[in-house]
Amino acid sequence: MANKTALRELQHRLAERMQAAREQTLIASWLAVECAGVGLLFPLRQASEIFAPVPVKPVPYAKPWLTGVANLRGGLFTVVDLAVYLGLRDPVPGRGFTAQSRLVSLGAELNLNCALLVDRLAGLRSDEQLPLAPEQPAGPLPRFAGPLRRDEAGRAWQEINLEALSRLENFLHVVL
């Protein structure tokens with residue numbers, strides 16, 4: 001009789017835990033990517049699609065961070081090497097894609113056919129998984145740089161506001 005009661009209590013506790021887990025699902029807010037070993041976060045509402053590398057046609061006399069143009073789903077997109085643009089890596093002419101490289105297109109509401117070349121996708125993250133870091137970078141940051149966040153392992157992740165990035169004069173005039 002005691003075993004039946006213990007079994008019922010266990011089933012009841014498991015059912016409560018499963019219900020709590022369903023109600024507490026984490027809502028992803030960020031697309032986590034890596035560029036030159038640096039963790040970056042793109043707001044999901046500002047990023048659109050993720051593409052595997054495709055052939056990119058170089059643009060003569062372009063800025064070193066402008067990789068070229070590519071056909072993505074029938075549309076012509078400017079491809080920006082984000083690591084080079086941010087100064088995380090020196091430009092290398094003819095640098096090819098790696099197996100983990102991806103293109104992340106900007107959201108349609110930004111009205112800019114542009115895809116950012118990133119070295120690696122690191123998945124979707126929620127605000128709960130990436131709380132604001134207690135320490136924030138000292139000194140002035142670019143307009144597009146948001147707060148610094150840290151994951152449970154202590155790794156730093158920098159928020160990047162894609163809308164603010166796409167509106168910078170040196171970015172906008174070259175990408176258009």
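Just so we're clear, the structure is a prediction, and the values are computed from it rather than from any experiment.
We find the CG-OG distance between Leu110 and Ser48 to be 9.5 Å, quoted to the nearest 0.5 Å. With rounding to the nearest 0.5 angstrom, the CG atom of Leu124 is 12.5 Å from the CD1 atom of Ile27.
A salt bridge does not link Arg102 to Glu34: none of the charged nitrogens lies less than 4.0 Å from a carboxylate oxygen. Between Arg45 and Glu109 there is no salt bridge, since no side-chain nitrogen of the basic residue lies less than 4.0 Å from a carboxylate oxygen of the acidic one.
Without hydrogens or angle criteria, Arg149 side chain to Leu41 main chain gives no donor-acceptor distance under 3.5 Å. Judged purely by atom type and a 3.5 angstrom limit, Gln100 has no side-chain atom pairing as donor or acceptor with the backbone of Asp119. Using a distance-only test at 3.5 Å, with no hydrogens or angles considered, no donor-acceptor pair links the side chain of Arg155 to the main chain of Glu152. For Arg150 (side chain) and Gly154 (main-chain N/O), a donor-acceptor pair under 3.5 Å exists by modelled atom type. A donor-acceptor pair under 3.5 Å links the side-chain atoms of Gln136 to the main chain of Leu148, judged by distance alone. No donor-acceptor pair closer than 3.5 Å links the side chain of Glu163 to the backbone N or O of Gln46.
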Show your reasoning for whether salt bridge (Lys or Arg N to Asp or Glu O under 4.0 Å) applies to Arg125 and Asp151. CA-CA 9 Å; Arg125 301 288 193 278; Asp151 62 19; 5.7 Å; no
Pair Val54-Asn71, side-chain contact (heavy atoms from CB on, under 4.5 Å): steps then yes or no: CA-CA 8 Å; Val54 297; Asn71 181 345; over 6 Å; no
Walk me through it: do Leu162 and Ile160 pass the test side-chain contact (heavy atoms from CB on, under 4.5 Å)? CA-CA 6 Å; Leu162 296 177; Ile160 300 293; 4.0 Å; yes
side-chain contact (heavy atoms from CB on, under 4.5 Å) for Leu31 and Ile50? Distances and angles first, verdict last. CA-CA 10 Å; Leu31 173 61; Ile50 298 168; 4.0 Å; yes
Go through it in stages, so that I can follow the logic: the residues are Leu106 and Asn113, the test is side-chain contact (heavy atoms from CB on, under 4.5 Å), and I'd like the CA-CA distance, side-chain angles, deciding distance and then a yes or no. CA-CA 7 Å; Leu106 300 183; Asn113 281 3; over 6 Å; no
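Both Leu82 and Val104 are members of a single hydrophobic cluster when ILVMFWY side chains are connected at heavy-atom separations under 4.5 Å. Linking Ile, Leu, Val, Met, Phe, Trp and Tyr whenever their side-chain heavy atoms come within less than 4.5 Å leaves Leu88 and Phe97 in two separate clusters. Cluster membership for Leu165 and Val118, using ILVMFWY side-chain heavy atoms within less than 4.5 angstrom, is shared. The hydrophobic clustering, which links ILVMFWY residues whose side-chain heavy atoms are closer than 4.5 Å, places Val56 and Val84 apart. Hydrophobic cluster membership is shared by Val80 and Leu76, with clusters built from Ile, Leu, Val, Met, Phe, Trp and Tyr side chains linked at under 4.5 angstrom.
Closest approach of Val59 and Gly68 over heavy atoms only: CG2-CA, 3.9 Å. Closest of all the heavy-atom pairs between Phe171 and Ser166 is CD2-CA, 3.7 Å. In this structure, Arg143 and Ala164 approach most closely via the heavy-atom pair O-CB, 4.0 Å. Of all heavy-atom pairs spanning Pro147 and Leu132, the tightest one is CB-CD2, 3.5 Å. Taking every heavy atom of both residues into account, Gly146 and Leu141 meet most closely at O-CD1, 4.3 Å. Pairing each heavy atom of Phe77 with each of Ser105, the nearest pair is CE2-CB, 4.0 Å.
In this structure, the side chains of Leu40 and Leu86 come closer than 4.5 Å at one or more pairs of heavy atoms. Trp30 has its side chain out of reach of Leu44: every pair of non-hydrogen atoms, C-beta onward, lies at least 4.5 Å apart. Residues Leu103 and Leu116 form no side-chain contact, since every pair of their non-hydrogen atoms from C-beta on lies 4.5 Å or further apart. Taking 4.5 Å as the limit, every side-chain heavy atom of Val69 sits out of range of all side-chain heavy atoms of Val79.
Applying the 6.0 Å contact sphere to CG of Asp90 captures no more than 12 heavy atoms from other residues, nucleotides or ligands.
Judged purely by distance below 3.5 Å, without hydrogens or angles, the side chains of Ser126 and Glu128 pair a donor atom with an acceptor atom.
Classified by interplanar angle (parallel below 30°, tilted 30° to 60°, perpendicular above 60°), the ring pair Tyr85/Trp65 is perpendicular.
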